Amino acid sequence: MALLEVRSVSKSFGGVAANVDISFDVAEGEILGLLGPNGAGKTSLFNSVSGEVSPDRGEILLAGKRISGLGPFACAKAGIARTFQVVRSFESMTVLENVMVGAFSGTGSSAEAMRKSYDVLAFCGLQAKAEAPAHLLSPAEKRRLEVARALATEPRLLLLDEMLTGLTPTEAQGGVQLVRDVAARGVTIIMVEHVMEVVLPLVSRAVVLNLGRVLTIGAPAAIVKNPDVIRAYLGDRYAAH
Amino acid sequence: MQVLVSGLLMGLIYALVAAGLSLIFGLMDVVNFAHGELMMVAMYAVFTLWQVSGLDPFILLPIVAALLFGVGVAIYRLLISRALQVRFNKGMVQIFVTFGLAIFIRGLAQLIYGGEFRSITTTWLANRTANVYGVYLPLPQVAASVVCLLAFAGLLAINRTEFGRALEATREDREAVALIGIDRDRIFALGWGLGSATVGIAGVMLAGFYYVSPNVGANFALIAYVTVALGGFGSMLGALAAGLLIGEVEAITAQLLEPSLKQVGMFAIYLAVLMFRPRGLFGKI
Amino acid sequence: MQNSIILRRRRELLVAGGLLVALVVVPLAIHDVYTLNLIIITLLFAGLSQAWNILGGYCGQISLGHSLYFGVGAYVSTMLFVGPHIPPPVGMLAGGVLAALVALLVGWPCFRLSGHYYAIATVVVQEIGYLLALNWEWIGGASGIYIPFRGESILNLQFRTAKLPYLYLVLGFAAITWLVAWWIEGSRWGFSWRAVKDDVVAARSLGVRIFPSKMIAAAISGFFTGVGGAIFAQYVGYIDPDSILAGHIAILIALPAVLGGVGTLWGPFIGAAVLIPLRELSSSYLGSSGSGVDLMLYGALIMGVALFRPQGLVSLFRRGAHGAA
């Protein structure tokens with residue numbers, strides 16, 4: 001059974017169709033790419049999966065249980081965590097405290113949350129920065145912090161929204177390794193990305209969206225050669241390098 | 001019937017006070033907790049001028065309105081513009097800056113005038129009442145209502161001018177207006193001036209038949225917040241409709257219960273509307 | 001493990017402990033009634049403001065009508081004492097519980113309102129309470145209730161001339177509210193609230209449940225404010241809507257926290273320590289509280305703090321108060 005099942009999900013915002021009839025499955029332990037040019041509807045889909053919005057039509061199932069339309073809290077409790085396209089760190093807190101907010105989702109004890117947070121920070125390579133105020137981190141570090149914070153909730157499914165965008169090649173390599181490490185821990189991942197060269201070697205499959213609909217689903221090698229995909233990207237002037 | 005008419009007359013005053021509040025809020029998302037106190041300033045101003053010169057409040061109206069306009073602009077320039085720049089805890093800062101101002105003005109009034117009730121007694125219309133089909137219409141109140149209606153008309157007229165359109169544009173998209181050459185700071189200042197002048201007009205007319213005291217502002221302010229919340233923040237029409245509604249509810253409640261409890265009715269309605277329609281009747285925000 | 005959080009919290013406890021000891025010992029040497037009274041009122045409002053701070057500062061819901069809960073506590077405990085002779089120590093708990101219930105009742109519909117809408121709603125609710133009390137003859141109406149002196153005892157919480165028992169009572173009250181705030185800071189709720197204040201979308205995505213935690217904050221805040229009201233009633237010996245439920249009491253409850261630092265541990269205490277003596281000074285040098293000067297003072301302080309030091313006076317003592325950006 002697939003971990004995540006997206007079934008004919010459609011969502012419009014004020015007359016603009018962001019997602020139209022989206023269907024795909026994500027197997028447990030997979031790293032799935034969610035690709036497409038700007039405005040294709042990737043973040044909207046993420047918002048439906050994470051519970052931020054409710055789909056107008058269709059449903060989303062996690063491990064067979066319906067989670068669409070239940071709100072962010074229910075989705076978080078079901079085991080879905082996410083990062084955001086524009087990093088949303090808790091600026092008034094330290095790195096450790098940021099992660100603790102996530103850790104608290106699984107426990108009421110501060111000591112326990114602190115311990116878990118240190119573990120996660122070490123895993124993500126941020127332990128040296130634990131006491132640093134979050135607003136002083138570099139953009140790459142903030143991305144890493146978001147991942148750590150999401151991981152602290154011990155999710156089954158992690159949604160990464162353009163985690164690698166805007167990083168230097170070295171930072172991007174570090175990010176890719178982090179994703180691999182997270183997947184190795186057993187977390188299923190869906191990554192939205194623009195930068196094809198970086199993400200295609202990482203994922204097992206990819207779903208390509210265009211203008212709100214699924215364009216194609218397949219292995220990276222096939223996607224790269226798909227003429228529709230190429231046309232979709234080249235036709236979009238704002239596509240990332 | 002008498003009750004309904006009295007409620008209507010009072011409601012127009014509430015509506016005007018609310019309109020000024022709504023204007024400022026719609027413009028810059030700041031709730032002016034000192035709004036009632038501004039009205040109180042207008043009332044004391046007209047009272048003092050009347051005491052000194054003996055002129056009828058009608059004649060003093062433009063003077064006081066202009067005065068309040070200036071006060072509004074000054075408040076914006078000195079306090080609000082600074083408050084908007086504060087990075088830490090913006091929402092709290094905005095609440096407390098005007099809240100602190102309100103308390104300060106109240107204390108100032110108490111210091112200068114003491115706590116006793118004052119009233120303006122010898123004006124053109126004082127103590128005169130018309131009798132229309134058995135309904136008693138105290139002339140000062142009628143005059144006040146007429147002026148309020150005129151003021152509303154004035155506000156609507158302003159909306160059609162360039163300034164009004166600039167106001168509207170700033171209300172719609174605060175961020176973008178700089179791009180089309182609108183000086184946001186100036187618009188805000190003028191908006192504050194206009195909102196203050198509006199409530200000043202209400203205050204002057206009110207002074208014709210209501211007592212003047214340091215706490216009068218607080219009472220009306222609360223009613224103003226309720227009216228604006230009911231009518232919807234940012235909506236002039238809403239302020240008018242809600243003001244009339246509130247005026248009626250207050251009058252009816254005073255009749256059915258006790259006069260001292262008359263405000264409970266409107267507060268209850270306010271809370272009820274808030275539960276089911278947090279945006280208010282006509283709210284855009 | 002050692003880290004800045006644990007070290008800081010340990011330090012806070014030590015400082016608090018030291019302060020507590022000092023406040024137990026020092027008053028024994030003071031015989032001036034005026035000074036003792038000042039300390040009592042300061043400590044009482046420190047505790048009240050800390051209670052307010054739990055909802056307003058930590059949880060971020062600014063209530064400008066907190067005198068409602070103060071009044072509920074005062075009236076409940078007084079009515080229980082005057083009528084069925086229930087001892088105030090029990091009465092104050094009852095008052096606190098009822099105040100907490102009222103807070104829940106108010107919070108339930110109002111918490112979905114943001115910022116200034118919520119603030120206005122709290123004032124409206126408080127005004128309703130004030131008006132109802134003014135007209136409710138059973139609880140004394142506008143004339144209020146004189147608390148009959150039934151004999152000097154701890155059980156009755158009444159003492160002919162001694163101030164020290166009251167002082168230790170409010171000291172305990174302030175200490176407990178401080179401890180509750182300290183505990184909350186390190187708890188899951190404290191973290192949740194700070195997260196919500198920083199970024200509500202991110203907080204939601206991490207499973208933070210906002211509404212139930214706000215209700216809890218309201219209940220705790222209401223409870224302690226009510227208890228404080230009951231203590232005040234027994235201390236002063238007379239209550240009426242104007243001295244208990246009116247708007248200026250709500251200001252006095254919130255102001256120390258605003259002055260000292262909203263959402264900080266020591267803010268309400270520093271604020272009270274500055275504000276209450278200042279108020280006493282101004283009223284004795286510049287005339288009674290009817291003159292309006294105290295209002296001007298409060299107003300100026302609020303504006304000054306909001307514009308120039310929104311983090312509160314507490315930020316003068318440390319580089320970056322806990323919770324500030």
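So that the names make sense, note that chain A is the first sequence line, chain B the second, and so on, each numbered from 1. On a predicted model such as this, the values are computed, not experimentally measured, just so you know.
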Which portion of A:T107 sits near chain C, non-hydrogen atoms under 4.5 angstrom: backbone

Say you draw a straight line from [atom1] of [X] to [atom2] of [Y]; how long is it, rounded to the nearest 0.5 Å?
X      : Y      : atom1 : atom2 : value
C:K197 : A:E91  : NZ    : CD    : 15.5 Å
C:D198 : A:M93  : CG    : CE    : 5.0 Å
C:S192 : A:M100 : OG    : CE    : 10.5 Å

Whether A:S110 side chain and C:G186 backbone form a donor-acceptor pair below 3.5 Å: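 Flag set: sc A:S110 to bb C:G186 pair under 3.5 Å.
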
Check: C:D199 side chain, A:F90 main-chain N or O, donor-acceptor pair, under 3.5 Å: no

Check: A:S105 and C:L206 side chains under 4.5 Å, non-hydrogen atoms: no

Test item: C:V201 and A:F84 side chains (from C-beta on) under 4.5 Å apart, heavy atoms: yes

Interface residue of largest heavy-atom contact number with chain C, from A:R149, A:R82, A:K77, under 4.5 Å: A:R149

Residues forming a salt bridge (charged side-chain N to carboxylate O under 4.0 Å, His left out) with A:R7, sequence neighbours excluded: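 With neighbours one apart ignored, the set is A:E5, A:E59.
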
Neighbourhood of chain C inside residues 49-57 of chain A, taking heavy atoms under 4.5 Å as contact: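 At a heavy-atom separation under 4.5 Å, chain C is reached by A:E52.
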
